[in-house]
Every structure is written in structure tokens, then in C-alpha cells.
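Protein chains get the first letters and strands the later ones, always in sequence-line order, with residue 1 at the start of each.
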Amino acid sequence: MDDMRRYVLDWYDANRRVLPWRAAAGARMDPYRVWLSEVMLQQTTVAAVIPYFLKFTEKWPDVNSLAAAPLDDVLREWAGLGYYARARNLHRCAQMVADLHNGIFPADKDTLQSLPGIGDYTAGAIAAIAFDRPAAAMDGNIERVLARVFNISEPLPGAKKPLRALAKTIFEGNSYRPGDFVQGLMDLGATVCTPRGPKCGLCPLAQGCEGRKSGAPESLPRRTPKAEKPSRYGHVYWITDGQGRVLIQKREDRGLLGGMMGLPTSEWKAEIPDHSAFGKENPLISEGKVLHTFTHFHLTLFGHRIDAVNTIIPMKGFSWVAEQDCAAAMPSVFRKAVRLFRAR
DNA sequence: GATACGTGGTG
DNA sequence: TCACCAAGTAT
């Protein structure tokens, strides 16, 4: 086990990735930047996160400035990154750190985990990376590396338990460079022990890797197959005032796309909607459809345009905005819809 | 423990 | 092309 630690650290010293949230080798990390990057990286690729991280840190360089910002500003900047509960929790967490901890992030894993949006992994990662504490932190990369090195053939999520026990053994109880060890293991998983086509020839752990000896490291970790995604259908509306403005809606602040801006839509149902209900009095102009896949269902939205409706007084939650910049604050599904309508 | 919750890249 | 996947958390 100590060999593994040394191999990973040596490899990390020679191969560590340069990332915007990372300090120079050996330098102290800013807990705010560690926290912000870890939350953004939850289920999200490095490439997708980088521009958002740069935007956020430029606009809000520390936790107090983020805490002082209106939630709607934070949601606007988060638009397009997905999993919007993260942005709502991020803002709540910033306010709690600012108000309850005088703007200083706690270093203790359990205290970190009590904050909104910080779960088992993120709490361990912040404790280890920002404060160099020997805390267990198991993300998908480390899960994969461990499943291969120790040849854990039980499929996920059942394998979570033995993997978690393994992680606890590996991370806790050794206080030599715990932050670098966590990051080294993650970099190794991201660049060498990759989900497909692992580069075992470049791996510092290849010699003792049981998964490699078994002949099919790429098949690890195994997963139980996921259920097929159902489909849902609805309508999306492009309602203009004839003066370059379009009607938008702020969505309910919980649930799917909670608190985000969007175009007005009907409910999304499992049945394909019946257009004939409007009969020949149909005031809508059909504009094609938007296809989008969320985590747990496929969505088809039928587009409709209503032009020059300048007599509408927006109800609560609705407002007129300039067509040009309406998409910026919206999640991707609505950006697709805006693109559809503006292309005409 | 199971489910809700986004998005863009990839083979 | 399209199912799968990537630095998970909350309920």
C-alpha cells in the first residue's frame, strides 16, 4: 500500500495536469477555488468546467462576493453547465460560509459535509486538497482505478461498499501529502486509467494491478445496465412583441431546471400532443421541433410562433426581453429552441 | 437503496 | 447514430 502511494506521488510530480483552479506544485490552494471547482466538476467534464470557473472567479473572486450576489445572477452565470441545484446550493453554501464561518471555509470533512451541495466526495476532496488533511475522497476516477487495481468484479452500485472501505484504508491514516495523493489518483484515472482504452503501458501501478492481470481491465468497474429512458412531449412558444422582444418565463425554483429562465412551454407529458385540438382557428405557426435528452428522459418540444402580440401584459414570472440576448441566461434545451426560432 | 437531476463529447 | 459516460448530491 505504501508502494502504491509512492508510485502515484512520483507519477503525479512528473505528470500533474495544469488546471485553472490548481496552485503551482507545492503551493497552498485557495479553499474557495477548490470548493468552486469541485462543485462545478460534479458529474461534469474538465473541458466544460474551465470557462465557467474562469467566469465565476473573475466576477466573484472570493466567497464573500459570491455570497453577496443575487441568486439570479449566479443562476445566469451557471446557465448551460447543468444540474442547476448545484448553483442554488452553491449560493446557499457561500452565504453560510460568509455568515456562519466569517468567510473562512472549515477544514474538517464532517463540517464541510454539513454545508449544502457538499457531499461525501466533495467534503473529502476539499479537506484533502485545500487543507492537506488525510480525508477519504472517492470520485468516479478513483473508483475506477481502485476497481481495476484490486480487480473488484462486483458491478456498481453494489461495489460501492467494498470500494468505499478500500478508499478509507488508502486515504485515512497517512498524512504524507494527502492532497497530492488524491489529485494524483484522479489525474491517473482521467489520463491513463481511462474508462475506455486504458494506457496500462504508462501506468505507475501496472505491475501490481490485479485487473490488468485478469486480462480485461477495461471492463472494470462493471455496471448494472440502466433502464431505457422514457420520452416526453410538449410545446414551446416564441411570442414576440413586434419590437424585437420575446416573452420569457422564470421557472419554479425547485425541480428540473429550477429557478432558470426559459421560453414559455406547455406541460411535458408522456403522450404525443394532439395539434388538432385548435382546429382551423389555430393561431399558432408551427416551427419544427426541439429534441433534447435529459438525464432520465428524452424530450420533444414542438415549436410555435406568435408574432406582434404587443397587447400582452406579462403575468407574474413572465417578462419581455431582447431577442438577441434571451438565450444567454437559459439552459441548453431552451438555447436549442431559441436557435430554432431565430433561424427563421 | 432508488430516483431525480443536465450537458456535450465519444466510439 | 445513439447509448454511454464525466471530479455526485439530495431526498
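For A:Pro195, the side-chain atoms get nearest to C:dC5 when compared with the rest of C:dC5, C:dA3, C:dT9. Here the side chain of A:Arg223 is nearest to one of C:dA6, B:dG8, B:dG6, namely C:dA6. The listed nucleotides are C:dA10, B:dA4, B:dT7; the one nearest the side chain of A:Asn89 is C:dA10.
Distance CG (A:Leu291) to P (B:dG8): 14 Å, rounded to an integer number of Å. Atom NZ of A:Lys226 and atom P of B:dG6 are 16 Å apart (whole Å). We find that OH of A:Tyr83 is positioned 10 Å from P of B:dT7, with the value rounded to whole Å. C:dC4 atom P lies 18 Å from atom CZ of A:Phe297, rounded to whole Å. Between A:Gln43 atom CD and B:dA4 atom P the separation is 15 Å, expressed in whole Å. With rounding to whole Å, A:Leu115 atom CG is found 13 Å from C:dT9 atom P. Atoms CD (A:Gln113) and P (C:dT11) sit 13 Å apart, rounded to a whole Å. The distance between atom CD of A:Glu38 and atom C1' of C:dT9, rounded to the nearest whole Å, is 14 Å.
The nearest heavy atom of DNA chain C to A:Ser37 and to A:Pro225 marks one nucleotide each, and the one closer to the 5' end goes with A:Pro225.
No contact: A:Leu299 has no heavy atom under 4.0 Å from any strand. Nucleic acid contact for A:Lys229: none, since no nucleic acid atom lies under 4.0 Å from a heavy atom of the residue. At a threshold of 4.0 angstrom between heavy atoms, the contacts of A:Pro157 with the nucleic acid are absent. A:Thr122 comes within 4.0 angstrom of the backbone, heavy atoms only, and of no base. Backbone-only contact: A:Arg144 has heavy atoms under 4.0 Å from sugar-phosphate atoms and none from a base. Within the 4.0 angstrom heavy-atom criterion, only backbone atoms of the sugar-phosphate kind lie near A:Gly80; the bases stay farther away. Heavy atoms of A:Trp21 sit under 4.0 angstrom from at least one base atom. As judged by a 4.0 angstrom heavy-atom cut-off over every strand, A:Ile142 is placed among residues making no nucleic acid contact.
A 6.0 Å sphere centred on OH of A:Tyr176 holds no more than 12 heavy atoms belonging to other residues, nucleotides or ligands. Counting heavy-atom neighbours within 6.0 Å of A:Glu252 CD, excluding the residue itself, gives a total of 12 or less.
In this model, the phosphate group of C:dC4 is not approached by any side-chain N or O of A:Arg196 to a distance below 4.0 Å at OP1 or OP2. The side chain of A:His296 contributes an N or O atom lying less than 4.0 Å from OP1 or OP2 of B:dC5. Between A:Ser332 and B:dT7, a side-chain N or O to OP1/OP2 separation shorter than 4.0 Å is present. Under 4.0 angstrom from either OP1 or OP2 of C:dG8 there lies no side-chain N or O belonging to A:Gln42.
One N or O on the side chain of A:Arg144 and one on the backbone of A:Cys193 form a donor-acceptor pair closer than 3.5 Å.
A donor-acceptor contact under 3.5 Å links the side chain of A:Thr295 to the base of B:dG6. The base of B:dG6 sits within donor-acceptor range of the side chain of A:Thr44, with an N or O pair under 3.5 Å.
Taking the centre of each ring, A:Phe302 and A:His304 stay at or above the 6.0 Å mark. No close placement of the A:Phe53 and A:Phe56 rings is indicated, their centers lying 6.0 Å or farther apart.
A cation-pi arrangement, defined by a distance under 6.0 Å to the six-membered ring centre and an angle within 45 degrees of its axis, is present between A:Arg5 and A:Phe181.
Between A:Glu38 and A:Tyr121, the side chains place a donor N or O and an acceptor N or O closer than 3.5 Å (distance only, hydrogens not considered).
As rounded to the nearest Å, C:dT11 and B:dG6 have P atoms that lie 14 Å from one another.
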